[in-house]
Amino acid sequence: MENQLHKHPIAPSSSRSSLAIDMAGGFFRSIHSSAPPSPGTRNTKITVVGVGNVGMAVAQTILTQELTTELALVDVQADKLRGEMLDLQHAAAFLPRTKIVADTDYAITAGSNVCVITAGARQREGESRLDLVERNFHLFKSIVPQLVKYSPDTVLLVVSNPVDILTYIAWKLSGLPSNKVMGSGTNLDSSRFRFMIADHLDVNAQDVQAYIIGEHGDSSVALWSSISVGGVPVLSFLDKQEIPYEKKHLEAIHQAVVNSAYEVIKLKGYTSWAIGYSTASLVKSLLRNQRRIHPVSVMAKNFHGIQEEVFLSLPAQLGNGGILGVASIHLTEEETHRLKMSADAIFEVQKQLDI
C-alpha cells in the first residue's frame with residue numbers, strides 16, 4: 001500500500017491554488033479605486049466612534065465574540081464616554097482579556113485595524129434615511145480625518161445613517177482607497193429578508209441564501225431571482241412545479257423588510273441589537289480574513305451599468321484590508337433597472353453636497 005501511494009502522488013497544493021485563483025477571478029471583480037489587501041496581524045485594535053445605543057451594542061457584541069485585543073471608544077460626551085468605559089471594564093471577569101480605553105481625543109484610536117463609525121443624529125420616527133444626510137455631513141468632517149490621521153492603514157466601517165451617502169462622504173474625506181471604506185449597508189436587511197423567507201417556508205434561516213442590495217432604505221432591491229433554500233432556486237422550482245405565486249406577495253415580504261426598522265424605532269425609540277450583531281459579523285470577517293460574502297455598501301461604479309461614484313450594497317467578499325472583490329452575481333433586467341434607480345436616488349442627494 002505504501003508503494004502504491006508513492007506511485008500515485010497527490011497533486012501539489014500549488015496546482016490547486018492556481019486553479020482556485022483562476023476561478024476566483026471569474027467570481028469576483030475588484031472595485032473602482034481599490035488597493036491591494038493588507039497582511040494579517042495577531043494583535044488587533046478596533047475603534048468605535050459614538051457611544052450611543054448602536055455604538056455600545058457594537059462594542060458589547062465585539063467584546064463577547066472575542067474579536068479584538070484592544071477596544072477604543074470615542075465620543076464628544078466625556079462623562080457618558082467614561083461611564084460606558086468603566087461599565088465595560090467592570091465586566092472584565094466575565095469577558096476575554098481585552099484592553100478597553102476611551103477618550104474624547106482621537107489619539108486614543110492610533111493603530112486601529114478597523115474604525116466603526118456609529119456617531120450621528122438619531123433617525124426620527126417617519127424620517128427617511130436620506131433626510132438625515134445634511135445633519136450628519138458636518139459631523140463626519142470632525143471624525144473621519146482624525147481617524148485616518150492616527151490609523152492611516154485602517155478600514156473604515158460606517159454604520160451611521162443614511163449609510164450609503166455617509167460612506168461616500170467618509171471615502172472622500174479619508175483619502176483612503178475605496179476598498180478600505182465600506183458601510184454596513186444591507187447586511188442587516190438581508191438577514192431580516194432571510195428570516196422572513198425562512199418563516200414563510202418553515203425552514204432554518206441559515207439554509208436560506210438571499211440578498212437585498214442597493215440602498216439601505218426605501219429603494220433597496222430584493223434579488224428574488226437568486227434566492228435558494230438548501231441549494232434549490234426558489235422561483236424556478238415554483239415555476240417547474242407549476243406552483244402559483246403572485247408578485248404582490250413577494251413585494252409584501254420585501255416591504256416588510258424595509259419597514260421593520262421603522263417598526264422597531266416606533267416601538268422602542270431606536271434600533272441597536274440587530275445592527276450590533278450585524279456589524280460584529282462584518283468586523284469578524286475583516287479581522288479574521290474569513291473571505292465571507294456580505295451585502296455591504298461599496299463603491300458601485302462600473303457594476304451593473306452604474307457609472308457614478310456612489311456607494312450602495314452589493315455582495316462583497318471581506319477579508320484583511322477590506323473589500324477583496326464584488327461577487328459577479330446575475331441580475332434580471334428588472335433587478336438591474338431597480339438597482340440603477342436606487343443608485344440614482346442616492347446620487348441625486350449626493351450631488352447637493354459640497355464635497
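Fair warning: this is a prediction, and the values are worked out from it, not measured in the lab.
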Looking at Lys266, I'd like to know if its NZ atom is crowded, meaning that more than 12 non-hydrogen atoms belonging to other residues, nucleotides or ligands lie closer than 6.0 Å. no

Test item: Arg29 side-chain N/O and Asn302 main-chain N/O as donor-acceptor pair under 3.5 Å: yes

Compute the ring centroids of Tyr211 and Trp224, then answer whether they are less than 6.0 Å apart. no

When you measure from the side chain of Thr109 to the backbone of Leu147, do you find a donor-acceptor pair of N or O atoms at a distance under 3.5 Å? no

N/O donor-acceptor pair under 3.5 Å between Asn259 side chain and Gln255 backbone: yes

If I take atom CD1 from residue Ile165 and atom NE2 from residue His216, how far apart are they, to the nearest 0.5 angstrom? 12.5 Å

Quick check: are there more than 12 heavy atoms from other residues, nucleotides or ligands sitting under 6.0 Å from CZ of Phe195? no

Can you tell me if Ser278 uses its side chain to pair, donor with acceptor, with the backbone of Ala274 under 3.5 Å? no

Over 12 foreign heavy atoms within 6.0 Å of CD, Gln89: yes

Heavy-atom closest contact (Thr68 atom, Ile62 atom, distance): CG2-CG2, 3.8 Å

Under a 4.0 Å threshold between the charged nitrogen and the carboxylate oxygen, would Glu215 count as salt-bridged to Lys340? no

For a 4.5 angstrom cut-off between non-hydrogen side-chain atoms, does Val48 reach Leu71? yes

For the pair Ser313 (side chain) and Thr186 (backbone), establish whether a donor and an acceptor sit closer than 3.5 Å, ignoring hydrogens and angles. yes

Using a 6.0 Å cut-off, check whether atom NZ of Lys99 has over 12 heavy atoms from anything other than its own residue. no

So how far is it from Lys141 NZ to Gln146 CD, rounded to the nearest 0.5 Å? 15.0 Å

Does a side chain donor of either His337 or Thr332 reach within less than 3.5 Å of an acceptor in the other side chain? no

Check step by step if side-chain contact (heavy atoms from CB on, under 4.5 Å) holds for Lys180 and Trp171. CA-CA 8 Å; Lys180 295 179 76 69; Trp171 174 60; over 6 Å; no

In this structure, CG of Asn113 is separated from NZ of Lys45 (nearest 0.5 Å) by 9.5 Å

Determine whether more than 12 heavy atoms belonging to other residues, nucleotides or ligands lie under 6.0 Å from atom CG of Asp105. yes

With side chains defined as the heavy atoms from C-beta onward, is the minimum distance between Ser220 and Ile213 less than 4.5 Å? no

Can you spot which of Ile169, Asp164, Asn161 makes a side chain to side chain contact (heavy atoms under 4.5 Å, CB included) with Val133? Ile169

Separation between CG (Asp75) and CZ (Arg82), nearest 0.5 Å, reads 15.0 Å

Main chain of Ser178, side chain of Ser34: is a donor-acceptor contact present, judged purely on distance under 3.5 Å? no

